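Here the structure is laid out as structure tokens; the discussion comes afterwards.
Predicted, not measured: the structure shown is a model, and the values here were computed from it. Below, read A as the first sequence line, B as the second, and so on, with proteins coming before strands; counting in each chain starts at 1.
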Amino acid sequence: MSVRTRFAPSPTGYLHIGGVRTALFNWLFARRHGGQFVLRIDDTDRQRNVEAALRPILDGFRWLGIDWDEGPEVGGPCAPYYQSQRTGRYRTAVKELLDRGLAYRDYATADETTAEREAAQREKRRFIYSRRWMAETDADAARFEGEGRTAVVRLKMPRERACRFDDLVRGPVAFDWALEQDHVIQRADGTHLYHLASAVDDHDFGISHVIRAEEHLSNTPRQIFIAAGLGYELPRYAHLPYVAAPGGSEKLSKRKLGKYLSQPDFKKVHDHGAGILAALGEDVVAETFNPVLVEFYRDVGYRPEAVVNYLLLLGWSLDDRTEDFTRDEMIEHFSLERVNRSAASFDPQKMMAFEERRMNALPVAAKVDAVSPYLERLGILGTEPNETEKERVAAVVAAAGDRIKVAGDIVRYTEFFQDDAAFPYDEKAFRKRIGAPDAADRLRRFRPVLETVDPFEAASLDAALQRFVEAEGIRIGQIIHAVRVAVTGKGVGFGLFEALEILGRAACLARIDRALEAADAGSGAD
RNA sequence: GGCGGUAUCGUCUAGGGGUUAGGAUACGUGGUUCUCAGCCACGGGACCGGGGUUCGAAUCCCCGUACCGCUACCA
């Protein structure tokens, strides 16, 4: 049997990290077995703008490199892949279930159902519908309709024995049929519910392996009931542990951002990203700027392969030490047998560790490509940078080295692209390094060194500064920090000599002059 | 409440009747360096609890406990 897996997102407008993990495992399993991965859109309960709400989800998957063989925008032999467009199929399936006596029309009003449920709760029993308004014959139905009632369709669940199946992750599981509710599969307005739609679609799409989140484990019997009742061959089921909140055990939720932010590790990652957006002068949209969503990582400039690699290890491992996987290695090694049974909590700090390794391993040219869009957003680079500009970017990227952890970190080095008279000074650093006693004077005496040093390159600059330090009888720290602040405006940064070389002689002198003027003015900064 | 699921360092995990319980990440200390980042070295840190089986239990069994899910005309 050919392997076909699926992921069925609801068009919510964003791509949740936990959902991606589930999709990834489906994708990996399909690729591992040379099968197909299908994207199906679960939009049974939403009439709003599906296309717009789907956009971020599809974009997110494309960014991550999780491609689908069938589904929205690519089509496929089982189209349409939108549940909202498949109601005819569901209607037929409901009719079949009705005809086989596996479902019934129920004419209870919402109030009557609620009353039964509440009674059960009071008596601390599991609520099982009494079937009091069940219409098994057309005569019954006509009578109820005569009373002005409308019908939903409910599953007529067995009242004995157990539903057993072998879960590919959890092993054998069993549920008593008698404890299963007569679930509604068709609403009074004729629309259909998830379990019906899901069972029908899984069959129609030829899904061989249903790999989904753990929360569906308890739902499986009712889907098996539907599928078996319709005479479908059952898929294999694999229930993945859910992705838990950082440092916690509850399910990771987009809505609990505030709570997660009270956790230092999580906050650190969030704030790092927020800082990048702030530097870009872009507003942080709380709705999507959330490390629980994939959009966050794309926005800030994470490597998609780092995100995927991290997610792979959230609930799956190959052995006791392998952590870094290429796309091909993931596909080669992935197996459901090695999926964990317990929930894994999401740790953005660990994700960052993967990101750092990926980014550091990137050749400079690739980093330049990653970083350039951010310089464009800053207005520093045009869409078609010239060679000089590209070289400058490459030089900064190379000098920054592993300080650029995500592509957006380039915003911390804008001073290399700004006008000598315009780049900002960090006031505190300025006061400390140039405002200190004698600092400005030393800087003034150092200036001629930069005028004459030749070539104006890191190594010779280093040597020149060493000679200056010896001649002055000072420690290197007594001059180097002042120079750094003068030419970059900052107290921290990468190697000073690289910085000087990138800027070039003229810029360095101009910047030192500007700093000295500011120092004379006593303002500390402009 | 009922049913189902899960339980190893803070976190992700490996392992599993006899191990110094391994790795990663995070954290701490020291070193290197012009700051930062990094790198190097070192360090602290775990088998949910109680019974049972056994020469021996973190591992197997039972009972608890905690957490999660389902128990919707949500998905």
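For A:Y260 and A:F346, the ring centers are positioned 6.0 Å apart or more. Less than 6.0 angstrom separates the ring centroid of A:H216 from the ring centroid of A:Y194.
Figure legend: A:R131 and A:Y129 shown without cation-pi pairing, the cationic atom not lying both under 6.0 angstrom from the six-membered ring centre and within 45 degrees of its axis. Under a cutoff of 6.0 Å and an axis angle of 45°, A:R511 and A:F423 form a cation-pi pair. With A:Y237 as the aromatic partner, A:R212 does not meet the cation-pi criteria of under 6.0 angstrom to the ring centre and within 45 degrees of the ring axis. Both tests pass for A:R21 against the ring of A:F25: distance under 6.0 Å to the centre and angle within 45° of the axis. Remark: A:K254 is positioned above the aromatic ring of A:Y14, its terminal NZ or CZ atom under 6.0 angstrom from the ring centre and at most 45 degrees off the axis.
Summarising the geometry, the separation between CG on A:D319 and P on B:A14 is reported as 10 Å, rounded to the nearest angstrom. A:Y194 places its OH atom 13 Å from the C1' atom of B:C70, with the value rounded to the nearest Å. The distance between atom CD of A:Q223 and atom C1' of B:A75, rounded to the nearest whole Å, is 10 Å. One interatomic measurement links the two molecules: NE2 of A:H239 to P of B:C3, which rounds to 20 Å at whole-angstrom precision. Atom CD of A:E250 and atom P of B:C67 are 11 Å apart (whole Å). Rounding to whole angstrom units, CD of residue A:E214 and P of B:U6 are separated by 8 Å. For the pair A:Y82 OH and B:A75 P, the computed distance is 18 Å after rounding to whole Å. If you take CE of A:M352 and P of B:C12, they are 19 Å apart, rounded to a whole angstrom.
In this structure, of B:U13, B:G69, B:A75, it is B:U13 that holds the atom nearest to the side chain of A:N340. If you check B:G5, B:U13, B:C67 against the side chain of A:S317, the one that comes closest is B:U13. Listed nucleotides: B:C67, B:U13, B:A75. Nearest to the side chain of A:D42: B:A75.
Partner of A:R442 under the side-chain contact (heavy atoms from CB on, under 4.5 Å) criterion, chosen from A:I479, A:I434, A:V483: A:I479.
Under the Watson-Crick and G-U wobble criteria, each requiring two contacts below 3.5 Å, nucleotide B:G49 is paired to B:C63. Across all strands shown, B:C70 pairs with B:G2; the Watson-Crick or G-U wobble distances both stay below 3.5 Å. Across all strands shown, the partner of B:U25 is B:G10, judged by Watson-Crick or G-U wobble contacts whose two distances both fall under 3.5 Å.
B:G15 and B:A7 are spaced 16 Å apart, taking the C1' atom of each and rounding to whole Å. Using P as the reference atom, B:C40 and B:U19 are 32 Å apart when rounded to the nearest Å. Taking the C1' atoms as reference points, B:G45 lies 11 Å from B:G28, given to the whole Å. One P atom belongs to B:C48, the other to B:G10, and the distance between them is 12 Å to the nearest Å. Spacing of C1' atoms, B:U13 relative to B:G18, comes out at 24 Å, to the nearest Å. Comparing the P positions of B:A41 and B:A58 gives an interatomic distance of 34 Å, to the nearest angstrom. Separating the P atom of B:U53 from that of B:U29 is a span of 49 Å, rounded to the nearest Å. Here, B:G52 and B:C27 have their C1' atoms 40 Å apart, quoted to the whole Å.
Put simply, the side chain of A:H195 and the base of B:A75 share a donor and an acceptor less than 3.5 Å apart.
A salt bridge links A:D42 to A:R40: at least one charged side-chain nitrogen sits closer than 4.0 Å to a carboxylate oxygen.
Nucleic acid contact for A:V152: base, since at least one base atom lies under 4.0 Å from a heavy atom of the residue. No contact: A:R212 has no heavy atom under 4.0 Å from any strand. In this structure, A:A188 reaches the bases: a heavy-atom distance under 4.0 Å links it to at least one base atom across the strands shown. Contacts of A:F175 with the nucleic acid, taken as non-hydrogen atoms under 4.0 Å apart, involve only primed sugar atoms and P, OP1 or OP2.
A:Q186 places no side-chain N or O within 3.5 Å of a backbone atom of A:L193 that could act as its donor or acceptor partner.
Side-chain N/O atoms of A:R222 include one lying less than 4.0 angstrom from OP1 or OP2 on B:U71.
Between A:Y425 and A:F430, the angle of the ring planes goes over 60°, which puts this pair in the perpendicular group of the 30/60° scheme.
When side chains are defined from C-beta on, A:F325 does not count as touching A:E305, because their heavy atoms never get closer than 4.5 Å.
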The contact string for nucleotides 23-39 of chain B, one letter per nucleotide 5' to 3', using protein heavy atoms under 4.0 Å with B, S and - for base, sugar-phosphate only and none, comes out as BBS-S------BBBBS-
Going 5' to 3' through nucleotides 43-49 of chain B and flagging B where a protein heavy-atom sits under 4.0 Å of the base, S where only the sugar-phosphate is that close, and - otherwise, we get -------
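Place A:S342 and A:D176 on RNA chain B by their nearest nucleotides, and A:D176 ends up nearer the 5' end. Residue order along RNA chain B, read from the 5' end via each residue's closest nucleotide, puts A:R117 first among A:N219 and A:R117.
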